[in-house]
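Structure, as structure tokens:
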Amino acid sequence: MKNKEIKWLYFMEVFSGLARGSYLVCIGWTTLVISNNVATVGQIFIVASMTNFLAGPIVGVIIDRYKRKKLIILSHFYIAISILLLAGFIFFVQNLSILWLFGTVIIVNIFRLIYWGAFDGLIRESVENEDILHIVARTRTIHLFSTAAGTAAIGLIIDRFSTGHGFFVTAAASVFLMIVAGFITDGFVKTNARGIAGFWFDLKSGFEIFRNSKLIQTVALLSVVALPIGQLSNSLLSSFIRDDLGEGSDLFGFVDAAWPVGGMLAAALLSKKIKNLNVKNGEYFLAIMAGVSTIVLSYSTESLSLAIAHGFMGFFVWMCRIIIAGRVLELCQNENVGRTRIYIEAMISVSAMIMSLSPTLIVLEATASYFFYWGFFVVISAVLLWFWKIRQTI
């Protein structure tokens with residue numbers, strides 16, 4: 001792929017971020033309005049994680065069997081259709097059942113998985129190994145900024161008009177992404193074994209990739225340990241601030257906003273291609289620091305210290321996520337990039353569900369304790385995985 005075509009990947013991420021940010025706000029707000037229950041909003045995101053886990057292996061095979069440009073266009077076509085249908089129900093159906101929202105979340109998550117895997121596949125087939133981390137970081141930077149912009153803009157649209165109008169705007173972002181994707185040149189198609197037997201063979205081969213590569217195993221386990229901290233924050237930060245500290249939504253908004261700021265700073269730094277940031281085994285150190293910052297958050301009581309700790313959590317988790325994504329693309333082959341990336345995402349979803357459900361499974365007196373124990377777990381696990389990786393390379 002030529003340099004000018006890589007720019008189309010950047011444009012795709014602009015609309016992908018806008019679509020994702022606006023979708024999350026719309027689906028969360030609509031769920032709250034229809035159900036009038038905060039717990040149902042949490043259930044929506046658990047269903048999303050469960051969908052990633054169950055659909056991940058099949059989606060990975062699909063990504064490796066078909067043209068990735070076509071998959072990107074088709075995935076956002078079906079995302080747009082499902083969102084437009086939901087918007088129509090919101091406008092014309094009174095007493096809309098919450099099941100329609102759960103159904104939309106399942107459909108959107110499946111096709112968004114296809115998009116993510118196909119997009120990373122385009123990067124893998126288009127970029128030399130020494131440039132992969134730089135390109136991944138730049139695309140993630142654009143995605144984060146666009147997500148923030150979409151989140152802010154759609155909030156204003158919902159406030160001025162309705163969630164139905166918000167969903168129309170979300171669908172429009174997917175349509176623009178499809179148009180941009182039409183300019184991409186996609187030359188990769190793997191030779192596939194035919195029929196159901198061939199599909200089953202590819203499915204099993206995806207698991208063989210992990211069994212045969214100790215490096216991918218270690219990176220996958222590190223992802224499962226460190227990256228779901230963001231989901232832990234989504235689930236517990238509001239309770240920590242309200243129940244432990246006795247503060248209101250104003251402090252929650254201030255502290256919560258620090259996470260994306262840290263994430264955008266991490267992505268922007270890595271996108272600058274600073275060699276000192278891409279050190280050997282750097283992802284293990286970053287995972288440790290993500291755990292340490294989570295522990296620090298559990299002890300924070302003042303607004304500024306809370307925001308700083310949460311910002312550092314976002315910074316270290318996102319820097320770790322981007323470096324891991326680059327490592328995985330460097331380690332896997334073009335013909336199995338979809339299965340490798342999506343299988344890891346499925347594993348992360350399981351870990352995220354466990355972290356989110358931990359208050360239900362084990363009742364502790366203070367919400368801060370969950371941040372402390374999970375942060376401690378991340379630190380110890382990252383150290384052990386680091387030593388394991390060193391032993392493999394001796």
Might you work through the side-chain hydrogen bond (donor to acceptor under 3.5 Å, both in side chains) test for Ser358 and Trp374, ending with a clear yes or no? CA-CA 10 Å; Ser358 56; Trp374 277 118; 3.2 Å; yes

Group every Ile, Leu, Val, Met, Phe, Trp and Tyr by side-chain heavy-atom contacts under 4.5 Å, then state whether Val261 and Leu237 land in the same group.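 Different hydrophobic clusters.
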
Same cluster for Val108 and Leu84 if Ile/Leu/Val/Met/Phe/Trp/Tyr side chains link at under 4.5 Å?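 No.
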
How close do [X] and [Y] get, heavy atom to heavy atom, and via which atoms?
| X | Y | value |
| --- | --- | --- |
| Met12 | Ala181 | SD-CA, 4.1 Å |
| Ser300 | Phe240 | O-CZ, 3.7 Å |
| Arg140 | Ala325 | NH2-CB, 4.2 Å |
| His76 | Ser174 | ND1-OG, 3.0 Å |
| Leu18 | Ser22 | O-OG, 2.7 Å |
| Tyr115 | Ser16 | CE2-OG, 3.3 Å |

CG/Leu177 to CZ/Phe77 distance, rounded to the nearest 0.5 angstrom?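 The distance works out to 14.5 Å.
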
Euclidean distance, Leu286 CG relative to Met289 CE, rounded to 0.5 Å: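 The distance works out to 9.0 Å.
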
Starting from the C-alpha separation in whole Å, work towards a yes-or-no answer on side-chain contact (heavy atoms from CB on, under 4.5 Å) for Asp256 and His310. CA-CA 7 Å; Asp256 194 39; His310 202 231; 3.7 Å; yes

Of Ile123, Ile184, Ile63, which meets side-chain contact (heavy atoms from CB on, under 4.5 Å) against Arg68?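 It is Ile63, the one option of Ile123, Ile184, Ile63 that forms the side-chain contact (heavy atoms from CB on, under 4.5 Å) with Arg68.
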
Leu227 and Ser223: CA distance, side-chain angles, deciding distance, side-chain contact (heavy atoms from CB on, under 4.5 Å) verdict: CA-CA 5 Å; Leu227 301 189; Ser223 301; 3.9 Å; yes

Counting neighbours of [atom1] on [X] that are heavy atoms of other residues, nucleotides or ligands and sit closer than 6.0 Å, is the number greater than 12?
| X | atom1 | answer |
| --- | --- | --- |
| Phe168 | CZ | yes |
| Phe376 | CZ | no |
| Phe102 | CZ | yes |
| Met50 | CE | no |

Compute whether any side-chain donor of one residue and acceptor of the other, for [X] and [Y], lie under 3.5 angstrom apart.
| X | Y | value |
| --- | --- | --- |
| Thr218 | Trp388 | no |
| Ser49 | Ser349 | no |
| His165 | Ser162 | yes |

For a 4.5 angstrom cut-off between non-hydrogen side-chain atoms, does Thr139 reach Phe119?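 In short, these two side chains touch, coming nearer than 4.5 Å.
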
Compare all side-chain heavy atoms of Tyr23 with those of Ile79 and state whether any distance is below 4.5 angstrom.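 Contact flag for Tyr23/Ile79 side chains = no.
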
Are the aromatic ring centres of Phe372 and Phe377 under 6.0 angstrom apart?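 For Phe372 and Phe377, the ring centres are not under 6.0 Å apart.
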
